[in-house]
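Here is how names work: the chains are called A, B, and so on, in the same order as the sequence lines, proteins then strands, and each is numbered from 1. When reading the values below, keep in mind they use all heavy atoms of this one structure, side chains included, and skip hydrogens, waters and symmetry mates.
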There are 2 protein chains.
Amino acid sequence: MSAARTARDRARQELTIEIKDEARRQLATDGAHNLSLRAVARSLGMASSALYRYFPSRDDLLTALIIDAYNALGDAAEQADQGATPLERWRGVCHAVRRWAIDHRHEYALIYGTPIPGYQAPRDTVGPAVRVVWLLGQIAHAAGVEDSAIPDELRAQFDPIEAAVPTGATVRVVFAWTQLFGMVSFELFGQLVGSADPADAFFGYAVDEVAGFVGLT
Amino acid sequence: MSAARTARDRARQELTIEIKDEARRQLATDGAHNLSLRAVARSLGMASSALYRYFPSRDDLLTALIIDAYNALGDAAEQADQGATPLERWRGVCHAVRRWAIDHRHEYALIYGTPIPGYQAPRDTVGPAVRVVWLLGQIAHAAGVEDSAIPDELRAQFDPIEAAVPTGATVRVVFAWTQLFGMVSFELFGQLVGSADPADAFFGYAVDEVAGFVGLT
DNA sequence: TCTCTGTCAAGAGCGCTGCTCTCTAACTTG
DNA sequence: CAAGTTAGAGAGCAGCGCTCTTGACAGAGA
């Protein structure tokens with residue numbers, strides 16, 4: 001059902017996108033904390049109450065933006081998944097994640113910063129949310145790497161995941177995933193100021209070290 | 001000047017602490033986002049306007065809480081710095097960081113989550129903020145480890161830091177630092193749900209791997 | 001001892017927020 | 001065309017951070 005049937009449906013679809021676009025614009029300048037439904041409505045020239053026909057609450061609008069952000073990051077990562085060797089693919093994805101985060105810092109903060117209090121991530125977000133780590137897993141899988149020296153308890157915990165989405169080195173991929181986003185978050189949130197900031201060299205080094213740890217060459 | 005001179009000074013000092021305590025209590029239940037000066041004042045049985053005599057703005061109160069949180073985490077880390085070998089000390093500190101973060105999730109989110117928009121970390125926060133990584137550096141230094149295979153450009157960037165605070169393996173320590181907090185943040189912010197959560201086994205594994213990477217035995 | 005000064009808490013109020021409810025006008029469907 | 005649905009506007013509620021003014025009080029100097 002891609003084509004809207006009635007004019008009303010089409011208008012609704014377009015306005016929904018317009019609202020998200022304007023909200024994203026405000027997000028980029030003011031941050032999620034200062035995102036105001038009234039300000040969005042004002043920019044769109046409509047009454048604030050009218051927005052509630054499209055998003056039942058501020059949190060629902062934020063959720064929509066969260067899903068979009070996960071998908072935008074996932075798209076960027078997938079597009080960067082190029083290269084002759086698994087190592088090149090891995091590097092491409094990791095650097096694309098950082099690039100996207102720097103270019104969309106408030107959207108990044110929205111999905112990898114403090115979760116909104118009292119807010120439970122709806123089911124819709126988990127699919128888009130795992131795209132990056134899933135991609136890293138695919139690259140590891142293609143490289144034919146294998147987890148080694150994993151404690152029994154941990155191996156048992158990861159067995160079902162490895163069975164569902166075989167990567168060969170799920171534990172190490174998850175490790176790499178936490179390191180990657182830890183590094184990006186620290187850079188964006190200002191923790192590296194005074195040490196590894198600007199972080200280009202440090203990031204490149206860390207990505208290569210972790211890739212080696214996963215077993216890529 | 002630990003003893004307050006006049007009764008007025010003493011009352012002021014005590015009230016300042018009471019305000020922070022009550023704010024911390026609300027932080028623990030509602031999160032930083034929902035911390036309200038009016039609610040704090042209400043709980044303390046005073047007018048909201050009176051709070052402004054102690055903290056000129058909501059951000060200033062948050063800044064005070066941030067500094068306290070950094071120091072509480074630093075204290076917890078230092079207290080856990082025990083063990084016969086550098087590896088044991090390292091493990092103790094890393095696990096203490098995680099423990100503290102889990103026990104004070106909202107305070108952790110306050111300092112390692114999304115920075116408050118339009119808010120610049122005042123100078124006062126940088127000292128407390130580096131206590132954990134400084135401690136990790138000290139342990140590495142005591143172990144006599146050395147950075148190896150560091151690209152020239154990166155080494156040059158870290159040279160001044162290494163000169164000021166010698167650790168022997170500053171680059172790898174910073175790497176470990178980003179990995180540690182990336183892992184803790186992912187666990188607390190719900191990113192590991194469905195894979196490494198509960199994260200006890202994964203955390204222990206990752207800490208030991210990184211300790212090995214730094215060169216500790 | 002009395003007065004004067006600086007400090008303090010309180011109250012009212014401004015402009016903003018998310019959100020709800022009601023009402024009207026327009027559109028869609030049978 | 002009539003009935004039913006939906007979109008948008010407006011008023012209003014309770015809450016927020018913050019400011020300004022007002023009246024009470026403690027401590028210092030005459």
- request: Could you tell me whether the side chains of A:T178 and B:Q179 share a donor-acceptor contact shorter than 3.5 Å?
  value: yes
Notebook entry, point to check: For the side chain of B:S49 and the base of C:dA9, is some donor closer than 3.5 Å to an acceptor across the two?
Noted result: no
- Can you tell me if B:D60 and B:T63 form a side-chain donor-acceptor pair at under 3.5 Å? no
If you look at every strand shown and take non-hydrogen atoms under 4.0 Å, does B:Y54 touch a base, only sugar-phosphate, or nothing? sugar-phosphate
Of A:M46 and B:S57, the one whose closest nucleotide on DNA chain D sits nearer the 5' end is A:M46
Base, sugar-phosphate, or nothing: which does A:L61 touch, judged by heavy atoms less than 4.0 Å apart?
nothing
### Query
Using a cut-off of 4.0 Å on non-hydrogen atoms, how would the nucleic acid contact of B:L44 be classed: base, sugar-phosphate, or nothing?
nothing
By nearest-heavy-atom nucleotide on DNA chain D, the more 5' of B:R58 and A:A47 is A:A47
Atom CD of B:E18 and atom P of C:dA9 are separated, to the nearest Å, by 11 Å
Exercise. Taking OP1 and OP2 of C:dT7, is either one under 4.0 Å from a side-chain nitrogen or oxygen of B:R12?
Worked result: no
To the nearest angstrom, the CD1-P distance between B:I19 and D:dG17 comes to 13 Å
In whole angstroms, the gap separating C1' of D:dG8 from CZ of A:F55 amounts to 16 Å
Taken to the nearest whole Å, OH/B:Y52 to C1'/C:dC14 is 13 Å
Open item on the list: Do A:T16 and A:Q13 make a side-chain contact, defined as non-hydrogen atoms from C-beta onward lying under 4.5 Å apart?
Closed with: no
### Task
Would you tell me whether B:S185 and B:Y108 have side-chain atoms, one donor and one acceptor, within less than 3.5 Å of each other?
yes
To the nearest angstrom, the CG-P distance between B:L62 and D:dC16 comes to 15 Å
Separation of C:dC16 atom P from A:D30 atom CG, nearest Å, is 14 Å
Carboxylate-amine/guanidinium contact A:R155 A:E162, below 4.0 Å = no
Comparing nearest nucleotides in DNA chain C, the 5'-proximal residue of the pair A:P56, A:A39 is A:A39
In whole angstroms, the gap separating C1' of D:dC18 from CG of B:L51 amounts to 12 Å
Here the distance between atom P of D:dG17 and atom NE2 of B:H33, to the nearest Å, is 11 Å
- Message: Suppose we call a contact any N or O donor and acceptor under 3.5 Å apart; does that hold for the side chain of A:R53 and the base of D:dG8?
- Response: yes
Exercise for review: Record whether the side chain of B:R38 comes under 3.5 Å of the base of D:dG17 through a donor-acceptor pair of N or O atoms.
Suggested key: yes
Q) What does B:L15 touch in the nucleic acid at a heavy-atom separation under 4.0 angstrom: a base, only the sugar-phosphate, or nothing? A) sugar-phosphate
Between B:S48 and D:dG17, does any side-chain N or O lie under 4.0 Å from OP1 or OP2?
no
